[in-house]
Undergrad: 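Below: one structure in structure tokens.
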Amino acid sequence: MRSVKHYINGKAVEAGSRKHPIFNPSEGKQQAEVGLAGKDALQQAVDAANAAQPAWAAMNPQKRARIFYKFKALVEEHHQELAELLSSEHGKVVEDAKGDVQRGLDVIEFCCGIPHLMKGEYTQGAGPGIDVYSMRQPLGIGAGITPFNFPAMIPMWMFGPAIATGNAFILKPSEKDPSVPVRLAELMTEAGLPDGILNVVHGDKEMVDAIIEHEDIKGISFVGSSAIAEYIYSGGTARGKRVQAFGGAKNHGIVLPDADLDQVVNDLTGAAFGSAGERCMALPVVVPVGEDTAERLREKLVPAIKGLRVGVSNDPEAHYGPVVTEQHKQTVENWIAKCAEEGGELVVDGRGLELQGTDGWFVGPTLFDHVKPHFESYKEEIFGPVLQMVRADNFEEAVRLPSDHQYGNGVAIFTRNGHAAREFAARVNVGMVGVNVPIPVPVSYHTFGGWKRSGFGDIDQHGPDGIRFWTKAKKVTQRWPDGSAAGDHKEAFVIPTMG
């Protein structure tokens with residue numbers, strides 16, 4: 001049985017005695033195990049980070065950038081290997097796994113510009129002989145707690161900016177698919193990263209609590225469920241830590257009567273069912289505006305959904321693969337039953353899907369129509385291949401539905417009307433908006449983050465906000481006297497001004 005170890009101070013370290021199975025979701029069988037540890041393993045990582053971080057922070061940022069260039073080249077060289085390893089533990093198809101790696105690599109590419117990104121501001125002559133400037137300095141040690149659904153992308157979103165800005169970093173990946181995060185750390189070492197700067201530790205709630213409580217960890221980044229996001233945010237900030245914690249989502253796709261419905265159907269099937277719906281930026285709710293729009297959309301959508309191919313993760317013809325665990329399959333199917341009980345019209349039922357020759361955890365694409373905002377299945381995140389249609393009478397109702405929902409991660413509007421799109425983008429109470437873009441994840445040099453219960457904290461991930469989150473701004477006001485001062489210095493007792 002393959003065993004996944006910690007990666008501490010540049011080498012593999014035996015994990016804890018408590019073991020967690022790692023499955024192949026396409027087969028429904030265990031393929032490896034990972035040890036779950038707690039405070040002791042975390043302390044080893046913190047000790048290594050404390051020993052290495054001061055010298056790393058003092059390094060010329062251009063030299064730090066060169067390591068990132070090398071790491072980028074190594075990830076590109078091992079792209080196929082990483083994607084296949086990711087698929088075998090998560091279940092997403094290999095081509096989708098390649099995208100997982102690439103979207104993380106985009107942030108690494110952004111971090112290659114760290115010499116420019118770390119530059120401060122300077123004002124000469126802010127007062128008589130006085131100059132004012134600022135500098136950005138690292139927090140010290142940061143930690144990342146990442147989910148199972150993007151085991152390559154989200155770790156790179158976190159450790160890239162954190163390490164580039166001069167911090168050491170401790171990553172706790174999901175115990176469901178931990179192999180790719182460890183492999184990324186190995187490649188960082190191969191690229192020239194000093195030992196102790198990037199450490200990977202495995203664990204469950206015990207490790208999470210240890211991270212929250214450890215006084216040497218100054219910043220925490222988290223992606224996962226909203227309940228845990230709030231728990232980490234409140235626990236971390238209560239201890240004076242900087243915390244960004246991103247939670248659940250229920251993203252809506254608004255379809256106006258003038259939309260290109262063929263394009264909408266193509267986008268919807270990919271965004272709702274891609275990666276088996278296990279994306280925080282999936283599009284699990286479609287909101288056609290007007291009964292005519294709803295009927296025309298449904299007529300095109302049903303055959304498209306029925307034509308989707310579900311397969312094992314290495315099937316090149318499959319549109320998507322299994323869900324991550326047997327328990328999650330049952331959870332998704334329970335939500336399907338719940339929505340039907342609540343009065344939703346079950347148009348396409350994906351339950352009970354089995355593939356010949358495998359015991360994998362598959363859920364077929366599922367479509368509900370006539371879903372109402374008071375349904376629990378609408379209020380909560382299903383995180384599976386389930387699309388719910390909520391019909392809106394007019395544009396105002398279409399704006400209100402995502403705006404009033406507890407989650408505010410992403411939303412999309414499909415239309416040819418520029419004024420309507422502009423009005424919608426300005427008014428909707430959601431953090432990321434797509435206009436004819438079904439999965440509006442910003443590019444790496446912008447920032448990612450939702451609103452309401454989708455995001456806790458004031459600063460988003462990656463882009464300029466990532467640099468700000470992992471650094472502290474220091475402001476310096478300086479004067480070099482010429483020795484000609486005279487008088488009784490009464491002005492020294494008055495609050496200084498620059499006038």
Undergrad: Could you pull out every donor-acceptor pair under 3.5 Å between side chains of residues 243-258 and any protein atom, sequence neighbours left out?
TA:
| residue | atom | partner | partner atom | Å |
| --- | --- | --- | --- | --- |
| Gln244 | OE1 | Ser221 | OG | 2.8 |
| Gln244 | NE2 | Ile459 | O | 3.1 |
| Gln244 | NE2 | Asp460 | O | 3.2 |
| Lys250 | NZ | Ser377 | O | 2.9 |
| Lys250 | NZ | Glu380 | O | 2.8 |
| Lys250 | NZ | Gln388 | OE1 | 3.1 |
| Asn251 | OD1 | Gly410 | N | 2.8 |
| Asn251 | ND2 | Cys280 | O | 3.0 |
| Asn251 | ND2 | Ala282 | O | 2.7 |
| His252 | ND1 | Lys250 | O | 2.8 |
| His252 | NE2 | Tyr378 | OH | 2.7 |
| Asp258 | OD1 | Thr415 | OG1 | 2.8 |
| Asp258 | OD2 | Thr415 | OG1 | 3.1 |
| Asp258 | OD2 | Arg416 | N | 3.0 |
| Asp258 | OD2 | Asn417 | N | 3.1 |

Undergrad: Checking His328 now: which residues fulfil side chain to side chain donor-acceptor pair (under 3.5 Å) with it, not counting sequence neighbours?
TA: none
Undergrad: So which pairs with a foot in residues 325-346 pass salt bridge (Lys or Arg N to Asp or Glu O under 4.0 Å), sequence neighbours left out?
TA: Arg298-Glu345
Undergrad: Do Tyr231 and Asp209 have side-chain atoms, one donor and one acceptor, less than 3.5 Å apart?
TA: yes
Undergrad: What pairs meet the ring pair (Phe, Tyr, Trp, His ring centres under 6.0 Å) rule with one or both residues in residues 7-36, with sequence neighbours excluded?
TA: Phe23-Trp361
Undergrad: Hey, could you give me each pair passing side-chain hydrogen bond (donor to acceptor under 3.5 Å, both in side chains) that has a residue in residues 31-42? Not counting sequence neighbours.
TA: none
Undergrad: Are a donor atom and an acceptor atom from the side chains of Gln330 and Asn334 found within less than 3.5 Å of each other?
TA: yes
Undergrad: Check side chain to side chain donor-acceptor pair (under 3.5 Å) between Arg242 and all other residues, then give those that pass, not counting sequence neighbours.
TA: none
Undergrad: Can you run down the ring pair (Phe, Tyr, Trp, His ring centres under 6.0 Å) pairs that involve residues 75-104, sequence neighbours left out, and say none if there aren't any?
TA: His90-Phe148
Undergrad: Who pairs with Asp458 by side chain to side chain donor-acceptor pair (under 3.5 Å), at least two apart in sequence or on another chain?
TA: none
Undergrad: Tell me every residue that passes ring pair (Phe, Tyr, Trp, His ring centres under 6.0 Å) with Phe71, counting only those two or more places apart in sequence or in another chain.
TA: none
Undergrad: Between Phe169 and Trp470, is the ring centroid distance below 6.0 Å?
TA: yes
Undergrad: Tell me, please, which residues at least two apart from Phe362 pass ring pair (Phe, Tyr, Trp, His ring centres under 6.0 Å).
TA: none
Undergrad: Please identify each residue that fulfils side chain to side chain donor-acceptor pair (under 3.5 Å) with Glu76, with sequence neighbours left out.
TA: Lys72
Undergrad: Could I get the full list of side chain to side chain contact (heavy atoms under 4.5 Å, CB included) partners for Ser26, not counting sequence neighbours?
TA: Asn24, Val312, Ser313, Pro322
Undergrad: Within this structure, what is the CG-CG distance for the pair Asp177 and Asn149, rounded to the nearest 0.5 Å?
TA: 8.5 Å
Undergrad: Would you check if there is a donor-acceptor pair between the side chains of Gln44 and His6 at a distance under 3.5 Å?
TA: no
